Undergrad: 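Can you keep this structure in mind? I'll have questions shortly.
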There are 2 protein chains.
Amino acid sequence: MITNKNCIIRLSRYKNALYRLQALGFVKVFSDNLADAVGGTASQVRKDFSIFGISGNKKGGYQIDSLLEKMNSILGKDQLQKVVVVGAGHIGSALMRYRGFEKEGIKIVAGFDIDPAKINRSNPVPVLPLEEAKSFIKSNGIRIAILAVPDIAAQQAADLICASGIKGILNFAPLGLKSGDGCIINNVNLEIELENLIYFVNVTEKTK
Amino acid sequence: MITNKNCIIRLSRYKNALYRLQALGFVKVFSDNLADAVGGTASQVRKDFSIFGISGNKKGGYQIDSLLEKMNSILGKDQLQKVVVVGAGHIGSALMRYRGFEKEGIKIVAGFDIDPAKINRSNPVPVLPLEEAKSFIKSNGIRIAILAVPDIAAQQAADLICASGIKGILNFAPLGLKSGDGCIINNVNLEIELENLIYFVNVTEKTK
DNA sequence: ATCATATTGTTCTATTTTTCACAATAACAT
DNA sequence: ATGTTATTGTGAAAAATAGAACAATATGAT
């Protein structure tokens, strides 16, 4: 089993680059093309492919359509992924309206909030009371949730949805969460991302 | 010079955890407390500190306030960071309204968009025409930008703001950008984050 | 048919990152 | 004062990751 997160992230990037190349009319691709496209080395592309059991043709490179097929299968994109958003504040609402997930086979099917003012059952993506989250998640077999609640509420909300059957949480709360049982948490911390960027901008300024 | 991005990210996490501990009334902290708080090992906490030249007291742990002072200085948080958002769509607008940056000393001072319908000069965070970005960035000495435009427009927008003096871009467009000259690009790719989460949820389901 | 060439796939090497282990030592107890 | 203990700080070991190198080989040229 592959545990290298960066490796999986590269796989996603390869896939995205391949779609762009395909749209431009390319049918096959070489490891160095792909390396260029995602900003890596040709060696690493081939190494990654080898890890995933993807093979090409000596001197002939890789067929883009068959590459995409394999990658999509590895990434679990052969079936629509239904996702819920917990927290309908600025970030949560923006994610519910964001169209970028559709082309990736990811569909946000509902949002949840404790604030009655945020409830709206007739939205394209309905926003429901948090109390309904458990039954909704269970009856729809949802496994993935996006958590976009204020940090104070984050752990409690995480516990709730984990107990409801959620297996993976993309956490936007600026706070590390404890995940009980078999629930995986990936953090997207915008403050930290910006801080990080600021740090590297500062140090490169200084050393210049 | 430290080039290890994860190390800097951990530093931010330590800092955030320290603020929480401080709010709870703690005055000093030990490496294993911090490790618990951020989900790491005590060894790594001490090693990280050692890398940054942060030292504590044998048997006495670390004084939280002095730790925070040093970390904030390393992370460049001794001065307010002014940031602009390019692209006032769902994500861009949500970021402009997001309050979480303030407490980190990060202030979004303006947004920019090409769509005249999005322009609003009287907003708390004004949204201005993209044509004004260059002069605004230059005259206000902005170094950091958040890029939240559709992928088609991303490279062009990145080039524009780099040429205007931006030194670091937090890129939300689901696309790797080429950065000319001395501009650093950090990518936040939500589709890839979700894909990654789905992958790991799938593999842990299978192996269970 | 043979040769030259381009490209993969994989092994081996180098680098980076994390973890372990323990000496040094400050605080506390007796 | 002396001894005991808890905790840091760091050097060395281990693990993980990335990169280089090159043999294998399919393709196309002559």
Side-chain angles (χ1 to χ4, degrees), chain A residues 1-14 17-18 21 26-71 74 176 192 196 199-200 203, chain B residues 1-14 17-18 21 26-71 74 176 192 196 199-200 203:
Chain A
M1 179 191 143
I2 293 106
T3 53
N4 183 344
K5 186 172 169 176
N6 286 330
C7 187
I8 313 293
I9 288 179
R10 284 197 299 270
L11 196 66
S12 288
R13 291 198 204 285
Y14 297 148
L18 286 168
L21 291 169
F26 289 92
V27 171
K28 66 179 187 180
V29 71
F30 302 111
S31 55
D32 62 337
N33 303 143
L34 213 39
D36 277 358
V38 305
T41 66
S43 260
Q44 187 159 58
V45 171
R46 296 200 300 275
K47 176 65 95 46
D48 286 340
F49 284 9
S50 155
I51 288 168
F52 287 108
I54 293 174
S55 60
N57 314 298
K58 297 247 159 87
K59 186 148 181 181
Y62 305 85
Q63 288 298 116
I64 291 181
D65 55 0
S66 105
L67 270 187
L68 280 171
E69 209 171 292
K70 280 174 187 152
M71 289 181 179
I74 293 166
I192 288 184
N196 196 261
Y199 172 85
F200 282 105
V203 296
Chain B
M1 180 191 143
I2 293 104
T3 52
N4 183 342
K5 184 171 169 175
N6 286 331
C7 188
I8 312 293
I9 288 180
R10 285 196 299 269
L11 195 66
S12 288
R13 291 198 204 285
Y14 297 148
L18 287 168
L21 291 168
F26 289 92
V27 170
K28 65 178 188 180
V29 72
F30 302 110
S31 55
D32 62 337
N33 303 143
L34 255 184
D36 277 358
V38 305
T41 67
S43 268
Q44 187 157 58
V45 172
R46 296 199 300 276
K47 174 71 86 169
D48 286 340
F49 284 9
S50 154
I51 288 168
F52 286 109
I54 292 174
S55 61
N57 314 297
K58 297 251 156 86
K59 185 145 184 187
Y62 305 83
Q63 289 298 117
I64 291 181
D65 54 1
S66 104
L67 269 188
L68 280 171
E69 209 171 293
K70 281 174 187 151
M71 289 181 178
I74 292 166
I192 287 184
N196 197 261
Y199 172 85
F200 282 105
V203 295

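Note that these values count all heavy atoms, side chains included, but never hydrogens, waters or copies made by symmetry. Because the structure is a prediction, the values reported are computed rather than measured. In what follows, chains are A, B, ... by sequence order, proteins preceding strands, each numbered from 1.
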Undergrad: Within this structure, what is the CG-CG distance for the pair A:Leu18 and A:Leu68, rounded to the nearest 0.5 Å?
TA: 5.0 Å
Undergrad: Quick one: the side chain of A:Ser43 and the base of D:dA18, do they pair up donor-acceptor inside 3.5 Å?
TA: no
Undergrad: Between A:Gly60 and A:Lys47, which is nearer to the 5' end of DNA chain C once each is assigned its nearest nucleotide?
TA: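 Closer to the 5' end of DNA chain C: A:Gly60.
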Undergrad: Name the nucleic acid region contacted by B:Thr41, choosing base, sugar-phosphate or nothing; use a 4.0 angstrom heavy-atom cut-off, strictly under.
TA: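 Contact class for B:Thr41: sugar-phosphate only.
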Undergrad: Is the CD atom of B:Glu69 crowded by more than 12 outside heavy atoms at less than 6.0 Å?
TA: no
Undergrad: Using whole Å, what does the distance between atom C1' of nucleotide D:dT17 and atom CD1 of A:Ile51 come to?
TA: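 Value for this atom pair: 9 Å.
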Undergrad: Take atom CG of B:Asn6 and atom P of C:dT19, then tell me their distance rounded to the nearest Å.
TA: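 For the pair B:Asn6 CG and C:dT19 P, the rounded distance is 11 Å.
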Undergrad: Need one value for A:Thr3: base, sugar-phosphate or nothing, where a base atom within 4.0 Å counts as base even if backbone is also close, heavy atoms only.
TA: nothing
Undergrad: Among A:Ile51, A:Asp48, A:Ile74, which residue satisfies the side-chain contact (heavy atoms from CB on, under 4.5 Å) criterion with A:Ile2?
TA: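 Between A:Ile2 and the candidates, side-chain contact (heavy atoms from CB on, under 4.5 Å) is satisfied uniquely by A:Ile51.
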Undergrad: Just compare C:dT19, D:dA21, D:dT10 and give me whichever is closest to any side-chain atom of B:Ser50.
TA: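 Looking only at heavy atoms from C-beta outward on B:Ser50, the closest nucleotide is D:dT10.
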Undergrad: Indicate yes or no: at least one non-hydrogen side-chain atom of B:Met71 is less than 4.5 angstrom from one of B:Phe49.
TA: yes
Undergrad: Whole-Å distance between D:dT17 P and A:Lys5 NZ?
TA: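 That distance rounds to 13 Å.
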Undergrad: Indicate, with a heavy-atom threshold strictly under 4.0 Å, whether A:Tyr62 touches base, sugar-phosphate, or nothing.
TA: sugar-phosphate
Undergrad: To the nearest Å, how far apart are B:Arg46 CZ and D:dG11 P?
TA: 14 Å
Undergrad: Any donor-acceptor pair, under 3.5 Å, between the side chain of B:Lys59 and the base of D:dT5, if you only look at N and O atoms?
TA: yes
Undergrad: Which whole-number value in Å describes the distance from A:Gln63 CD to D:dT27 C1'?
TA: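 My rounded result for the distance is 14 Å.
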Undergrad: Consider the side chain of A:Lys58, meaning its heavy atoms from C-beta on, and name the nucleotide among C:dT7, C:dA21, C:dT18 that approaches it most closely.
TA: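 Among the listed nucleotides, the one closest to the side chain of A:Lys58 is C:dT7.
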Undergrad: Rounding to an integer number of Å, can you tell me how far A:Phe30 CZ sits from D:dA26 P?
TA: 15 Å
Undergrad: Given atom CD1 of A:Ile2 and atom P of D:dA18, what is their separation to the nearest angstrom?
TA: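 Value for this atom pair: 13 Å.
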Undergrad: For B:Asp48 and C:dT19, what is the distance between atoms CG and C1' respectively, to the nearest whole Å?
TA: 12 Å
Undergrad: Quick one: do the B:Asn57 and B:Tyr62 side chains pair a donor with an acceptor below 3.5 Å?
TA: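 No, because no side-chain N or O of B:Asn57 sits under 3.5 Å from a partner of the opposite role on B:Tyr62.
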Undergrad: Is A:Ser31 near enough to C:dT8 that one of its side-chain N or O atoms lies under 4.0 angstrom from OP1 or OP2?
TA: yes
Undergrad: For B:Asp32, which contact category applies under a 4.0 Å heavy-atom criterion: base, sugar-phosphate, or nothing?
TA: nothing
Undergrad: State whether A:Asn57 places a side-chain N or O below 4.0 Å from either non-bridging phosphate oxygen (OP1 or OP2) of C:dA6.
TA: no
